[in-house]
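These notes are about the structure you will find just below.
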Amino acid sequence: MKKRAGIDREVTAKWRPQTRLVRGGTMRSEHGETSEAIFVTSGFSYDTAESAEARFDGREDGYTYSRQTNPTVTMFEERMALIEGAEVGKATATGMAAMTTALLAGLKAGDHVVGGRALFGSCRYLMDTLLPQFGIETTVVDGRDTEAWARAVRPNTRVFFFETPANPTLDIVDIRAIADIAHAHDIRVIVDNVFATPLLQKPLELGADIVCYSATKHIDGQGRCLGGMILCDRAFHDDYLYPFHRHTGPMLAPFEAWVLLKSLETLELRVTKMCENAAVVADHLAERLPGVRYPGRTDFDQHELAMRQMTLGGSVVTMELPGGRDSAFRLMNALEIIDISNNIGDARTIITHPATTTHKAVEPADQREMGITPGMLRLSVGLEDARDLIADLDQAIEAAGG
Ligand SMILES: *Cc1c(COP(=O)(O)O)cnc(C)c1O
């Protein structure tokens with residue numbers, strides 16, 4: 001690995017965000033390849049036994065085993081850390097591996113975690129089922145209610161964990177206010193920033209300690225692979241994250257890291273266009289249906305806070321069909337362009353019925369409390385021409401009975 005300009009923080013720190021997205025983290029081999037190389041190898045060899053010993057001791061730089069580090073994965077980690085403004089990034093095979101690792105690495109039995117109640121279905125499972133199985137107490141609160149976070153603090157509270165905007169309700173959590181409460185009690189703040197992407201919202205600048213992503217969403221954004229990322233400071237990485245990650249093995253594979261590296265080059269272009277499309281589609285839907293929610297619209301109940309934390313309204317719009325589940329299903333089944341699927345942040349526009357799919361595992365009472373109703377639909381707006389999306393939605397609304 002010769003030219004290391006993309007990985008020299010003194011150099012890259014001067015670059016503007018778009019340059020970091022294209023070039024950050026790039027390491028070139030002796031061949032001088034323009035595109036990043038894919039190192040499809042599980043292990044690495046050493047010139048001498050002394051060198052092997054020195055690398056295992058950490059006295060010599062270099063790779064030992066791809067469960068821990070791999071050059072292609074390092075490039076993705078470094079590029080993400082640069083974009084986020086974090087000291088370190090650690091890649092994982094999926095977004096859920098990132099969330100689970102970020103939580104478990106720094107917790108032990110007897111600790112207490114407070115979570116926002118509007119969470120991705122599998123994150124709710126971590127809070128409601130997995131952490132309690134290991135003797136970690138959890139409380140879920142209405143993330144929008146800043147006072148509720150303060151009231152939930154106990155002497156053993158170690159972590160606040162939330163998404164904003166939350167999936168699928170788009171509830172906004174005031175990152176700065178929650179971080180202030182947390183830090184007064186020595187509590188670590190972990191933010192799942194998937195819906196906002198690294199471009200629209202900077203949780204670390206607002207006081208968060210750790211930011212996690214499902215790279216499966218906007219970062220790949222083309223429906224090809226799964227991935228995750230944990231961004232944090234050097235101390236958390238060295239003391240908790242790296243040992244947990246290397247010994248439990250949620251590592252991202254080199255090929256996926258390469259796909260995600262290439263995706264970052266176009267992230268800004270894609271996310272900006274998706275947000276533009278989402279705003280146009282949301283405005284149109286709001287003329288036809290009640291209960292359309294989009295953080296970029298002035299009628300969104302937390303619009304002011306959303307726009308204080310995010311530069312754009314995001315790519316997800318939700319709507320509420322007055323006829324409940326039956327009319328929601330009729331609308332979905334009548335769509336000709338928009339796919340029925342459960343991803344978000346994809347180039348293709350996707351519609352989801354959260355109550356029966358992504359959030360099916362959440363108890364019906366908890367679904368209602370979170371604001372997931374039988375008539376709710378989540379629309380992840382993609383990169384098609386917004387006029388075609390609107391025409392497709394219009395004819396499907398007609399078919400669903402208006
Ligand atoms: C998709 C998603 C996850 C999980 O990511 P995977 O890559 O599917 O494991 C976590 N949080 C949010 C908000 C998500 O949208």
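Just follow the structure's listing: the first ligand is 1, and inside any ligand the first atom is 1. Values in this document were obtained by computation on a predicted structure and should not be read as measured data.
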**Prompt:** Tell me, which protein residue and heavy-atom name are nearest atom 4 (C) of ligand 1, and how many Å apart are they?
**Reply:** Phe120 CE2, 3.4 Å
**Item:** Carboxylate-amine/guanidinium contact Glu398 Arg288, below 4.0 Å
**Value:** yes
**Prompt:** Looking at Phe44, does the NZ or CZ of Arg55 lie under 6.0 angstrom from its six-membered ring centre and within 45 degrees of the ring axis?
**Reply:** no
**Fill in**
So the atoms of ligand 1 within less than 4.0 Å of a heavy atom of Asn167 turn out to be 15 (O)
**Request:** Indicate yes or no: does Arg117 engage Asp171 in a salt bridge with an N to O separation below 4.0 Å.
**Result:** no
**Prompt:** Going by the atom numbers of ligand 1, which of them fall below 4.0 Å from some non-hydrogen atom of Thr94?
**Reply:** 7 (O), 9 (O)
**Request:** Taking Asp346 for its side chain and Gly223 for its backbone only, find out whether a donor-acceptor pair lies under 3.5 Å.
**Result:** yes
**Asked** Between Arg270 and Asp220, is there a side-chain N and carboxylate O pair less than 4.0 Å apart?
**Response** no
**Message:** Counting non-hydrogen protein atoms only, what is the nearest one to atom 13 (C) of ligand 1? Give residue, atom name and distance.
**Reply:** Asp192 OD2, 3.4 Å
**Message:** Once you restrict to heavy atoms under 4.0 Å, what part of Met96 touches ligand 1? Side chain, backbone, both or neither.
**Reply:** both
**Item:** Selected option - heavy-atom contact closest to atom 6 (P) of ligand 1, from Gly228, Gly95, Ala215, Ser380
**Value:** Gly95
**Request:** Examine Glu163 against ligand 1 and note whether any of their N/O atoms are separated by less than 3.5 Å.
**Result:** no
**Check: Tyr242 main-chain N/O paired with His237 side-chain donor or acceptor under 3.5 Å** = no
**Closest approach of any protein heavy atom to atom 2 (C) of ligand 1, naming residue and atom** = Lys217 NZ, 2.4 Å
